[in-house]
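As structure tokens, the structure follows; a few thoughts come after it.
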Amino acid sequence: MTEMRAFREAVGHWAAGGPGGPAGELATRLGLRTAVLLEGPSDLAAVEALTARRGLDLAAEGVCVVPMGGAMSIGRYAGLLGPPGLGLRLRGLCDEREQRFYDLGLQRARAPRQGFYVCVADLEDELVRALGTARVEETIAAEGDLRAWQTFLRQPAQHGRPRDQQLRRFLGTKKGRKIRYGRLLVEALGPGEVPAPLDELITGL
């Protein structure tokens, strides 16, 4: 796990203009075959929670999950990790509104579009719809965030908004909350409730 984190960090430095040697050396040492490209750390938390729940050892399968820091980075990361770079098989999630950036980035990297799954709005939206708003609110209460949630709902900007949109906005209002709930909402899912994009991604690994 420590070396996987080191690989992610090395890829981040490489993407920012640093040398690619450290990432290449770690990829060889780890026996990596697949890179899962995600927009950010909350998606990473959700993917790691689901793989743990299913008893999957991604490291043993040569899979590393890499948060890119935003959809606009897809072309850069696909080029570094895909066919022009380390030659890894690429998989991932993207939001519907970002799909064209993914298509263009993957095309530039000569990487197949297959293996990338589209969330309607984002992964949080998929999880909220899968659980239903009442169960998400129950999770918020169980985590001790009920007072913060109630205060948030009293804000004028939230009046009249659909509950699912309020919940998604609340999850992003405090640093670290979106990451924490990425894991918690996955853990709250019942059998057969995993959203299709996330389920298909993990099943295909």
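Residue numbers start at 1 and run along the sequence shown. Note that the structure is predicted; figures quoted are calculated from it, not measured. Note that these values count all heavy atoms, side chains included, but never hydrogens, waters or copies made by symmetry.
Side-chain atoms of Arg113 do not come within 3.5 Å of backbone N or O of Asp103 as any donor-acceptor pair. Although no hydrogens or angles enter the test, the distance criterion places no donor-acceptor pair under 3.5 Å between the side chain of Arg29 and the main chain of Glu3. Arg135 places a side-chain N or O within donor-acceptor distance of the main-chain N or O of Ala188, the cut-off being under 3.5 Å. Panel note: side chain Tyr102, backbone Leu93; a donor-acceptor pair is recorded below 3.5 Å. Although no hydrogens or angles enter the test, the distance criterion places no donor-acceptor pair under 3.5 Å between the side chain of Arg54 and the main chain of Ile202. Listed for the Glu126 side chain is a donor-acceptor partner under 3.5 Å among the backbone atoms of Val120.
Nearest approach of Pro41 to Pro67, heavy atoms of both residues: N-CB, 4.1 Å. Scanning all heavy atoms of the two residues, the minimum distance from Ala23 to Val11 falls at CB-CG2, 4.1 Å. Smallest separation of non-hydrogen atoms from Ala121 and Arg168: CB-NH2, 3.6 Å. Closest heavy-atom contact between Ala78 and Pro84: O-CD, 4.2 Å. Here the closest non-hydrogen pair linking Pro197 and Tyr117 is O-CB, 3.7 Å. Considering every non-hydrogen atom in both Lys178 and Ser42, the closest pair reads O-CB, 3.5 Å.
With rounding to the nearest 0.5 Å, the separation of CE in Met68 from CG in Leu38 is 7.5 Å. Atoms CG and CD1, on Leu44 and Ile179 in that order, are 8.5 Å from each other to the nearest 0.5 Å. With rounding to the nearest 0.5 Å, the separation of CD in Glu61 from CZ in Arg33 is 6.5 Å. Going from atom OG1 of Thr203 over to atom CG of Leu56 covers 8.5 Å, rounded to the nearest 0.5 Å. To the nearest 0.5 Å, the span separating CG on Leu81 from CG on Leu32 amounts to 9.0 Å. The distance from the SG atom of Cys119 to the CD atom of Gln99 is 11.0 Å, given to the nearest 0.5 Å.
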Kindly determine whether Gln165 and Gln158 satisfy side-chain contact (heavy atoms from CB on, under 4.5 Å), including the steps that lead there. CA-CA 9 Å; Gln165 293 182 20; Gln158 301 307 317; over 6 Å; no
Quick one: do Leu127 and Leu189 satisfy side-chain contact (heavy atoms from CB on, under 4.5 Å)? Show the steps, please. CA-CA 8 Å; Leu127 292 170; Leu189 293 167; 4.0 Å; yes
side-chain contact (heavy atoms from CB on, under 4.5 Å) between Leu86 and Trp14: does it pass, once the steps are laid out? CA-CA 12 Å; Leu86 298 184; Trp14 190 13; 3.9 Å; yes
side-chain contact (heavy atoms from CB on, under 4.5 Å) for Leu185 and Leu171? Distances and angles first, verdict last. CA-CA 11 Å; Leu185 296 183; Leu171 296 180; 4.1 Å; yes
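Hydrophobic cluster membership is shared by Ile74 and Val66, with clusters built from Ile, Leu, Val, Met, Phe, Trp and Tyr side chains linked at under 4.5 angstrom. Two different hydrophobic clusters hold Leu205 and Leu88 under the rule that ILVMFWY side chains link at heavy-atom gaps under 4.5 Å. Taking hydrophobic clusters as Ile, Leu, Val, Met, Phe, Trp and Tyr residues chained together by side-chain heavy-atom distances below 4.5 Å, Leu153 shares a cluster with Leu167. Criterion: ILVMFWY side-chain heavy atoms under 4.5 Å apart, direct or through other members. Under it, Phe116 and Leu198 are not part of a common hydrophobic cluster. In terms of hydrophobic clustering, with Ile, Leu, Val, Met, Phe, Trp and Tyr side chains grouped at heavy-atom distances under 4.5 Å, Leu90 and Val63 are assigned to different clusters.
Using a cut-off of 4.0 Å between Lys/Arg side-chain N and Asp/Glu carboxylate O, Arg183 and Glu187 are scored as salt-bridged. Between Asp145 and Lys174 there is no salt bridge, since none of the side-chain N atoms of the basic residue sits less than 4.0 Å from a carboxylate O of the acidic one.
Looking only at atom types and distance, the side chain of Arg163 has a donor-acceptor partner in the side chain of Gln166 under 3.5 Å away.
Remark: Gln155 CD is packed, more than 12 non-hydrogen atoms of other residues, nucleotides or ligands lying under 6.0 Å away. For Arg100, the CZ atom sits in a loose shell: 12 or fewer heavy atoms of surrounding residues, nucleotides or ligands are nearer than 6.0 Å.
With a 4.5 Å cut-off on side-chain heavy atoms, Asp122 and Asp125 count as touching. In this structure the side chain of Arg129 never reaches within 4.5 angstrom of the side chain of Pro195, judged on heavy atoms. Contact check for Phe152 versus Arg169: side-chain heavy atoms found under the 4.5 Å cut-off.
Both the sub-6.0 Å distance and the 45° axial angle are satisfied by Arg177 relative to the ring of Phe170.
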